[in-house]
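Because only heavy atoms are used, hydrogens play no part in the values below, and waters and symmetry mates are left out as well, while side chains stay in. Here is how names work: the chains are called A, B, and so on, in the same order as the sequence lines, proteins then strands, and each is numbered from 1.
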Number of protein chains: 2
Amino acid sequence: MSNQIAMTKYIGAFVDELTKSGVKQVVVSPGSRSTPIAMLMADHPDIEVMMHVDERSAAFFALGLAKATNKTVAILCTSGTAAANYLPAVVESFYARVPLLVITADRPHELRDIGAAQTIDQVNLFGNHVKWFQDMPLPEESREMQKFVRTVCSRAVQTTIQAPYGPVHLNFPLREPLVPIMDDRSKFEGMDTPIVRTEKYHVTLSDESFNRLAVNLPKNGIIVCGPMDEYNANFNEAIVKLAQNINYPIIADPLSQLRSGNHNKQFIIDSYNAFLKNEQVRNKLKPEVIIRFGSMPVSKSLMFYLKEHADVPQYIVDGGQGWRDPVSTAYEMIYCNEQIFCEKLTMLTEDRSKLNSSWIEQWLQLNKLVKDVIVQIDADKLNEGRLIYHLQNLVPEQSSIMVGNSMPIRDVDDFFHSNYKSIKLYGNRGVNGIDGLVSTALGISAAVENTYLIVGDLSFYHDMNGLLAAKMHDLNLTILLINNNGGGIFSMLQQAKHPTYFELLFGTPTDLQFEHAAKLYGGKYYRVETWQQYVKAMETVQNEQGLKIIEVFTNRHENAKIRQKLWENVSREIENRLGEVLR
Amino acid sequence: MSNQIAMTKYIGAFVDELTKSGVKQVVVSPGSRSTPIAMLMADHPDIEVMMHVDERSAAFFALGLAKATNKTVAILCTSGTAAANYLPAVVESFYARVPLLVITADRPHELRDIGAAQTIDQVNLFGNHVKWFQDMPLPEESREMQKFVRTVCSRAVQTTIQAPYGPVHLNFPLREPLVPIMDDRSKFEGMDTPIVRTEKYHVTLSDESFNRLAVNLPKNGIIVCGPMDEYNANFNEAIVKLAQNINYPIIADPLSQLRSGNHNKQFIIDSYNAFLKNEQVRNKLKPEVIIRFGSMPVSKSLMFYLKEHADVPQYIVDGGQGWRDPVSTAYEMIYCNEQIFCEKLTMLTEDRSKLNSSWIEQWLQLNKLVKDVIVQIDADKLNEGRLIYHLQNLVPEQSSIMVGNSMPIRDVDDFFHSNYKSIKLYGNRGVNGIDGLVSTALGISAAVENTYLIVGDLSFYHDMNGLLAAKMHDLNLTILLINNNGGGIFSMLQQAKHPTYFELLFGTPTDLQFEHAAKLYGGKYYRVETWQQYVKAMETVQNEQGLKIIEVFTNRHENAKIRQKLWENVSREIENRLGEVLR
């Protein structure tokens with residue numbers, strides 16, 4: 001009994017402090033050892049408990065929820081492989097900088113490493129992939145330990161939401177009996193001493209540094225904006241203002257969140273992946289400076305461009321103090337909050353917006369030139385590029401679109417162009433896995449209206465289990481399932497030249513009829529084989545609730561051909577007009 | 001090109017050495033970075049490559065294959081979260097002692113921790129849950145490095161299959177271009193110097209130790225045999241002979257592999273979980289010594305019995321030198337190969353088999369008494385216990401049955417009684433997860449005929465993705481899916497007394513209609529609601545190929561009641577006859 005009292009007070013204090021630290025949503029997986037934490041969470045008036053049986057999907061679900069809300073989401077599971085199933089999402093949240101609080105129940109110390117059931121080594125289970133780990137002490141009733149557990153809780157949550165955002169892992173050893181005293185009225189009672197908080201802080205530069213950068217800013221520079229850690233409309237305004245002030249184009253990755261929204265799009269370049277394929281263009285467009293924000297954009301030709309101009313000063317602005325230099329072209333790491341950086345630099349630089357700039361004109365013309373060719377994919381046929389090209393017209397205002405890795409994100413890069421709709425694009429680009437995408441999208445859908453997921457068939461299959469959340473929690477999500485029966489991206493790689501092993505090792509056709517998956521999880525299903533069917537389905541789903549799966553059948557080989565032809569057309573057009581555009 | 005030559009020779013040497021070290025089967029997941037290893041494996045005449053898209057399931061599939069073959073199975077995946085998905089199965093294989101060789105591709109060192117795509121910290125990714133880890137050097141063409149990579153390969157494989165068996169992780173950084181030179185004819189060419197091997201070795205005791213144990217062996221002892229790391233018919237013979245020689249009963253966990261097979265069953269006790277529920281029985285049956293083999297049996301009442309007799313000398317025999325003492329009742333750790341131990345002790349002890357032993361008689365009578373009551377579950381109704389009770393008659397000779405955790409293993413403990421059929425029972429009892437069970441069973445089915453899986457609905461859901469392997473590799477597996485719509489085991493725990501949160505947190509009904517899952521994966525589906533349907537389905541599947549799902553609908557609450565009533569009957573019967581049996 002005294003054990004139970006101690007546990008109730010200790011875990012009660014922890015759970016209560018969670019809510020005071022700003023955690024309101026917890027994704028819980030069923031288990032025995034975690035019972036006291038789960039029951040007290042369910043009992044707390046300010047916590048919403050969402051159940052998810054598969055821990056791997058549960059963690060990705062929480063990741064999506066955290067992305068969409070910009071708030072820390074907690075996950076809770078029992079000891080053993082349950083916790084091990086969290087690893088993929090923990091890794092993604094670490095590299096994608098998403099605030100996740102991982103809470104695992106564990107056997108008490110005396111039951112560790114002696115062959116007890118469901119007992120693994122949970123100390124530092126996620127290795128270097130969490131920002132902070134604490135192996136908690138066993139519950140004690142004392143005031144000191146209640147203050148301790150509240151302090152750890154506050155510190156843990158606040159660690160997840162200081163830049164760089166990321167996961168924190170707390171491991172709670174618990175002894176039997178595993179049921180708390182639910183009618184203890186004081187279990188969530190606060191303390192009369194305050195619990196330490198950490199103000200939200202930012203990194204910034206000294207005035208001298210800012211001045212030095214501003215003074216030396218050359219005429220012909222570019223801004224590159226990759227995937228941003230979080231959606232921040234103020235940053236969007238700030239970077240656009242900076243670009244206009246200094247006449248630099250903004251190379252905007254789809255996950256930069258700069259292609260949609262109501263900020264000015266004048267200097268947003270979104271078709272660079274196409275025109276930077278051309279070597280002459282890359283050479284001619286040599287910049288004098290590159291200012292890069294966010295993580296590395298998905299575009300391969302942009303990567304070549306950056307590599308070829310490795311001699312050009314490249315500033316990598318990162319408020320999360322990382323080392324985002326995968327092509328080894330950085331010149332200086334600028335550890336400064338991105339919004340502050342843009343605002344300061346705008347203030348410190350003279351307004352060049354009224355000056356003529358053939359530099360920016362070249363970028364804008366090339367961008368337009370590509371778009372004029374891309375319009376021509378509006379042929380009769382259904383193809384992956386065209387699906388994405390028209391997507392912005394087929395989703396309502398205030399939509400969120402989660403984009404799968406491999407082909408979807410590349411197609412979005414090429415075909416999702418800038419617009420003034422309020423559309424947020426999400427992706428799991430921390431480590432670009434094909435896992436957990438369905439759950440991440442469902443997590444987003446739990447926070448916002450009009451959520452879409454664009455995903456290939458392999459990725460969809462990988463996280464099909466995630467669909468259970470849609471059913472259990474009545475979520476609204478439209479999945480645009482692009483089924484080319486296997487690993488489409490590999491058709492673009494060198495391996496494709498070795499047909500003997502290609503289908504076995506890379507094509508991996510699953511031949512699954514996903515209509516059955518829709519039925520299993522109570523989703524509506526739309527089979528799409530023509531353009532008309534696609535448009536109709538996209539319109540229909542706007543009036544439907546729940547899970548909606550639009551399966552679009554495309555052909556890997558045909559798509560590769562259509563892409564190739566399109567880029568040949570773009571290339572020809574560029575060749576023809578090169579002299580005229582690049583003066 | 002020179003890079004490609006070096007890579008081809010280096011990876012070619014590694015792949016060739018795999019086969020020479022005894023690895024013939026590799027479960028590969030598609031990916032780009034792992035291309036050179038995958039292609040060379042596919043090209044090697046002595047390697048069977050089995051593809052599996054979901055790495056979590058792939059690793060469990062390999063685990064099952066390794067369990068069934070008693071041979072090292074390799075798994076291969078690309079960098080990033082792909083590798084992270086391996087963790088649950090790696091953890092299980094570590095604690096269950098299954099030989100698994102984990103091969104991951106990684107970015108080269110210069111691309112680590114600089115924000116490159118699909119790059120995580122793979123060094124020691126699985127922490128303490130592998131026996132050995134090596135971060136391999138980049139491919140080099142030199143003879144020395146070819147010898148090195150072959151030596152590491154040989155060492156790694158041999159480490160997985162020395163007691164205790166377990167996983168080893170090799171991490172291969174690879175540079176682009178990622179395609180080997182497939183027409184290099186010398187790529188699998190062996191070396192003229194031998195590669196070091198390690199003979200299979202065992203631990204054993206000194207003659208003095210054996211003598212001391214043999215001389216001091218009291219009259220009234222028991223042998224407890226929990227889940228064994230591997231199936232070994234010679235051990236089965238040896239332990240049975242020892243028991244008969246010294247007149248000790250053998251408490252045989254279902255995964256001890258002692259309940260089936262053609263060894264003598266005279267002293268095999270299989271209904272102890274029932275009669276040891278009785279406190280008086282536990283008291284009266286105080287042993288003078290306990291000799292324990294394998295990991296801890298699943299029986300809860302046996303655990304009470306062991307705890308209550310913590311003052312009795314308990315020898316834990318473990319050829320894998322672990323610390324299998326979860327209830328802290330060990331007296332001495334005997335690090336000795338189990339078969340050798342039994343054979344030696346039999347040799348060194350006098351033959352007591354002709355002596356009268358009221359001790360052994362008591363155990364046998366109690367065992368029989370329980371069985372006589374259990375026969376009575378043969379009522380009209382379909383219930384979980386009865387399904388299992390008749391299972392041995394409904395599967396063919398030479399069957400393998402994979403048993404799920406939570407309720408199935410407990411039901412098998414209570415209701416799967418000893419028999420002379422050749423039936424192997426498997427379970428994932430390393431850490432008792434509800435994950436990966438479908439894949440483990442499919443891995444077993446890839447090695448042997450007549451494989452069955454008994455699994456609850458939550459576990460089945462958790463690893464539904466695993467079913468793809470059945471479809472892709474034309475495997476034969478019968479799944480006995482016991483659907484009580486949620487977490488049946490929790491009904492037996494304390495939590496059940498808190499109805500407010502019970503269904504939310506523990507019941508977790510998914511309401512899934514698994515018939516759709518059968519359709520999705522091309523399986524045959526049998527809906528079972530009556531006893532007759534069950535028997536008929538079990539007979540039918542014997543003549544069917546492929547994936548067969550027999551879904552048995554039971555009721556959590558009803559089952560809990562039936563179980564309770566049955567144990568009350570057993571208990572009453574024991575009370576009635578206690579005086580007579582326990583003289």
Evaluate the side-chain proximity of [Y] to [X]: yes if any heavy-atom separation is below 4.5 Å, no if none is.
{"X": "D54(B)", "Y": "R56(A)", "answer": "yes"}
{"X": "Y95(B)", "Y": "D121(A)", "answer": "yes"}
{"X": "L87(A)", "Y": "L125(B)", "answer": "yes"}
{"X": "I120(A)", "Y": "F94(B)", "answer": "no"}
{"X": "W323(B)", "Y": "D113(A)", "answer": "no"}
{"X": "K519(B)", "Y": "L520(A)", "answer": "no"}

Which atoms of [X] are under 4.5 Å from chain A, going by heavy atoms: the side chain, the backbone, both sets, or neither?
{"X": "S295(B)", "value": "neither"}
{"X": "Q118(B)", "value": "both"}
{"X": "V53(B)", "value": "both"}
{"X": "M472(B)", "value": "side chain"}
{"X": "D43(B)", "value": "both"}
{"X": "Y461(B)", "value": "both"}
{"X": "E55(B)", "value": "both"}
{"X": "L111(B)", "value": "side chain"}

Legend entry - K471(A) side-chain N/O to D511(B) backbone N/O, donor-acceptor pair under 3.5 Å: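 A pair under 3.5 Å: yes.
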Closest-packed option against chain B by number of heavy-atom pairs under 4.5 Å, given [options]:
{"options": "A84(A), G436(A), G115(A)", "answer": "A84(A)"}
{"options": "A82(A), A117(A), S32(A)", "answer": "S32(A)"}
{"options": "H129(A), M296(A), R112(A)", "answer": "H129(A)"}
{"options": "V28(A), L504(A), D463(A)", "answer": "L504(A)"}
{"options": "L468(A), V123(A), N432(A)", "answer": "L468(A)"}

[X] [atom1] to [Y] [atom2] distance, which is reported to the nearest 0.5 Å:
{"X": "T81(B)", "Y": "N405(A)", "atom1": "OG1", "atom2": "CG", "value": "8.5 Å"}
{"X": "N128(A)", "Y": "Q122(B)", "atom1": "CG", "atom2": "CD", "value": "12.5 Å"}
{"X": "T510(B)", "Y": "Y521(A)", "atom1": "OG1", "atom2": "OH", "value": "8.5 Å"}
{"X": "Q513(A)", "Y": "H516(B)", "atom1": "CD", "atom2": "NE2", "value": "13.5 Å"}

Inset, instruction - Would you name the heavy atoms of F506(A) and G31(B) that are closest together and state the gap between them? - result: CE2-O, 3.3 Å
Legend entry - Shortest non-hydrogen contact from A116(A) toward P326(B):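 For A116(A) versus P326(B), the nearest heavy atoms are CA-CB, 3.5 Å.
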Tell me which of these, [options], has more heavy-atom pairs under 4.5 Å with chain A than the rest.
{"options": "V327(B), V91(B), D325(B), N85(B)", "answer": "N85(B)"}
{"options": "M464(B), E515(B), H52(B)", "answer": "M464(B)"}
{"options": "G127(B), A38(B), S29(B)", "answer": "A38(B)"}

Inset, instruction - Counting only heavy atoms closer than 4.5 Å, note whether H462(A) contacts chain B via side chain, backbone, both or neither. - result: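 Answer is both: backbone and side chain atoms of H462(A) are under 4.5 Å from chain B.
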